[in-house]
Number of protein chains: 2
Amino acid sequence: MMDRHRAGAILKELQLKTTPKRVEVMRLLAAEPSFLSADDVWQRLKSSFTHIGLPTVYRILDELTGAGVITRIFLPDRKQYYFLCTNQEHHHHFVCESCRRVEDVEQEQCGLDGLAREISRRSGARVTSHILQINGVCGTCLKEGAAV
Amino acid sequence: MMDRHRAGAILKELQLKTTPKRVEVMRLLAAEPSFLSADDVWQRLKSSFTHIGLPTVYRILDELTGAGVITRIFLPDRKQYYFLCTNQEHHHHFVCESCRRVEDVEQEQCGLDGLAREISRRSGARVTSHILQINGVCGTCLKEGAAV
DNA sequence: CTGCGTGCAAAGTATTTGCAAACCG
DNA sequence: CGGTTTGCAAATACTTTGCACGCAG
């Protein structure tokens, strides 16, 4: 699990005060192989804090998402899901629809940078960001017959 | 603008009854170079129908999205936006954050199919879908100084 | 100290649902 | 005619906001 010191260092770098709640959110997310909803995070935090409000969870998740530490995961239910990837390289995610586990997809295979360059060359547009999420069923779930 | 006959044909193919509301939603979306919210669509429909409910608009948009006729566009405001691309080839979209216009990005440049194959080869997962959306500011908006 | 961070309560609002009436095929 | 489709009203539920107190630096 991510140690408190490292969480604090990241927060400092983001110019956010190192509060126990923020640290715990980061540690918790870093220990999760799956994406979580704000409510999921809240439930888990309740075991560490007696007083913790859902709005606080939303605020912390927003800050971390804005700072790029956390990635949003898109699901058809249009709730917001979060995933913290310790991998700092630019990359994307494979999301298992069955177990919610998230796996990294390496950048070399993605080719998005070239695509962005191509777009701006052809139409004069400036690419500022992109969303790339691969959905499916992971190998483990397939074996367990969890396929849809 | 997409003619009613073509809209009807598409609906028939989807095994949906050809109702005036559905036809008009398709025509309207096909004529839009930008993505629209359910509410946007509703407002536009009001000029064609006196009795038209917002839930109906949502239902129609859901049906068409599920059938793959309409693409969802993701924005930070977490509302749902829709865009109808007449281009039947597999492709993706460049979304201008300033004018909301959507431009096609051709498939050859994307390489996502290869990526999906690579993922399943390496981890045994099955890829069922993916989201790829390129965000930025289009050439026209850049010239107009609309850049953020 | 001093301003950012948080709890709590309450609001906001996009989206969904239930049901009866209208309509397509 | 019979099962879809739609209008309307109401509900859902996620997320946000306001404000006062508490805590990090």
Side-chain angles (χ1 to χ4, degrees), chain A residues 4-5 7-28 35-67 69-70 72-82, chain B residues 4-5 7-26 28 35-67 69-70 72-82 100:
Chain A
R4 293 171 215 283
H5 188 270
I10 295 176
L11 286 171
K12 181 167 290 182
E13 202 170 318
L14 302 176
Q15 309 195 322
L16 296 171
K17 288 187 179 178
T18 305
T19 66
K21 310 277 165 77
R22 281 182 179 148
V23 169
E24 206 49 31
V25 167
M26 296 190 67
R27 283 161 48 75
L28 182 164
F35 59 83
L36 299 177
S37 68
D39 197 77
D40 293 332
V41 174
W42 190 36
Q43 298 308 328
R44 283 163 172 71
L45 283 176
K46 282 179 177 171
S47 63
S48 310
F49 304 96
T50 34
H51 292 291
I52 171 78
L54 186 51
T56 298
V57 176
Y58 274 105
R59 285 185 279 234
I60 294 177
L61 291 172
D62 272 357
E63 291 160 355
L64 296 178
T65 304
V69 177
I70 287 180
R72 279 210 157 78
I73 301 292
F74 297 89
L75 251 62
D77 68 4
R78 136 195 91 68
K79 292 203 314 190
Q80 305 205 108
Y81 293 98
Y82 305 88
Chain B
R4 293 171 215 283
H5 188 271
I10 294 176
L11 287 171
K12 181 166 292 183
E13 202 169 319
L14 303 176
Q15 309 196 321
L16 295 172
K17 290 187 177 179
T18 305
T19 66
K21 311 276 165 77
R22 282 182 179 148
V23 169
E24 207 50 31
V25 167
M26 297 191 67
L28 182 163
F35 58 83
L36 299 177
S37 68
D39 198 77
D40 293 333
V41 174
W42 190 35
Q43 298 309 329
R44 283 165 172 71
L45 284 175
K46 283 178 175 171
S47 65
S48 310
F49 304 95
T50 33
H51 293 291
I52 171 78
L54 185 52
T56 299
V57 176
Y58 274 104
R59 284 184 282 235
I60 294 177
L61 291 173
D62 273 356
E63 290 159 357
L64 296 178
T65 305
V69 177
I70 287 180
R72 279 208 158 79
I73 301 291
F74 297 89
L75 251 62
D77 68 3
R78 135 195 92 68
K79 294 203 314 192
Q80 305 203 107
Y81 293 97
Y82 305 87
R100 303 192 154 194

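Proteins come first, then strands; the chains are lettered A, B, ... in the order of their sequence lines, and each starts at number 1.
With rounding to whole Å, B:Leu61 atom CG is found 12 Å from D:dT6 atom P. Straight-line distance from the CG atom of B:Asp77 to the P atom of C:dG12: 18 Å, rounded to whole Å. The nearest whole Å value for the distance from the CZ atom in A:Phe49 to the P atom in D:dG22 is 18 Å. Remark: P of D:dC21 and NE2 of A:His51 are 16 Å apart, rounded to the nearest angstrom. The nearest whole Å value for the distance from the CG atom in A:Leu14 to the P atom in C:dG5 is 12 Å. As rounded to whole Å, 14 Å separates atom P of D:dT16 from atom CD1 of A:Ile60. Rounded to whole angstrom, the span from the CG atom of B:Leu75 across to the P atom of C:dT13 amounts to 18 Å. With rounding to whole Å, A:Glu63 atom CD is found 12 Å from C:dC4 atom P.
Shown here is B:Lys12, whose NZ atom has no more than 12 heavy atoms of other residues, nucleotides or ligands within 6.0 Å.
Of all the heavy atoms in A:Met26 and A:Val69, the pair that sits closest is CE-CG1, 4.1 Å. Between B:Leu14 and B:Ala67, the shortest heavy-atom contact is CD2-CB, 3.5 Å.
Between the side chain of A:Trp42 and the backbone N or O of A:Ile52, at least one donor-acceptor pair lies under 3.5 Å.
Atoms CD1 and OH, on A:Ile73 and A:Tyr82 in that order, are 11.5 Å from each other to the nearest 0.5 Å.
Applying the salt bridge (Lys or Arg N to Asp or Glu O under 4.0 Å) test to A:Asp39 and every residue at least two apart in sequence or in another chain returns nothing.
End-to-end axis angle for the helix from C:dC1-D:dG25 to C:dG25-D:dC1, using five pairs per end and rounding to 10°, comes out at 50°.
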Assign a letter to each nucleotide of nucleotides 15-25 of chain C from its 5' end: B, base within under 4.0 Å of a protein heavy atom; S, sugar-phosphate only; -, no contact. BBBB-----BS

I'd like to know whether B:Val25 forms a side-chain contact (heavy atoms from CB on, under 4.5 Å) with B:Val57, so could you lay out the CA-CA distance, the side-chain angles of the two residues, the decisive distance to 0.1 Å, and finally the verdict. CA-CA 8 Å; B:Val25 167; B:Val57 176; 5.5 Å; no

Should B:Gln80 and B:Leu61 be marked as a side-chain contact (heavy atoms from CB on, under 4.5 Å) after you check the CA-CA gap, both sets of side-chain angles, and the distance that decides it? CA-CA 10 Å; B:Gln80 305 203 107; B:Leu61 291 173; over 6 Å; no

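No donor-acceptor contact under 3.5 angstrom links the side chains of A:Thr65 and A:Asp62, judged on distance only.
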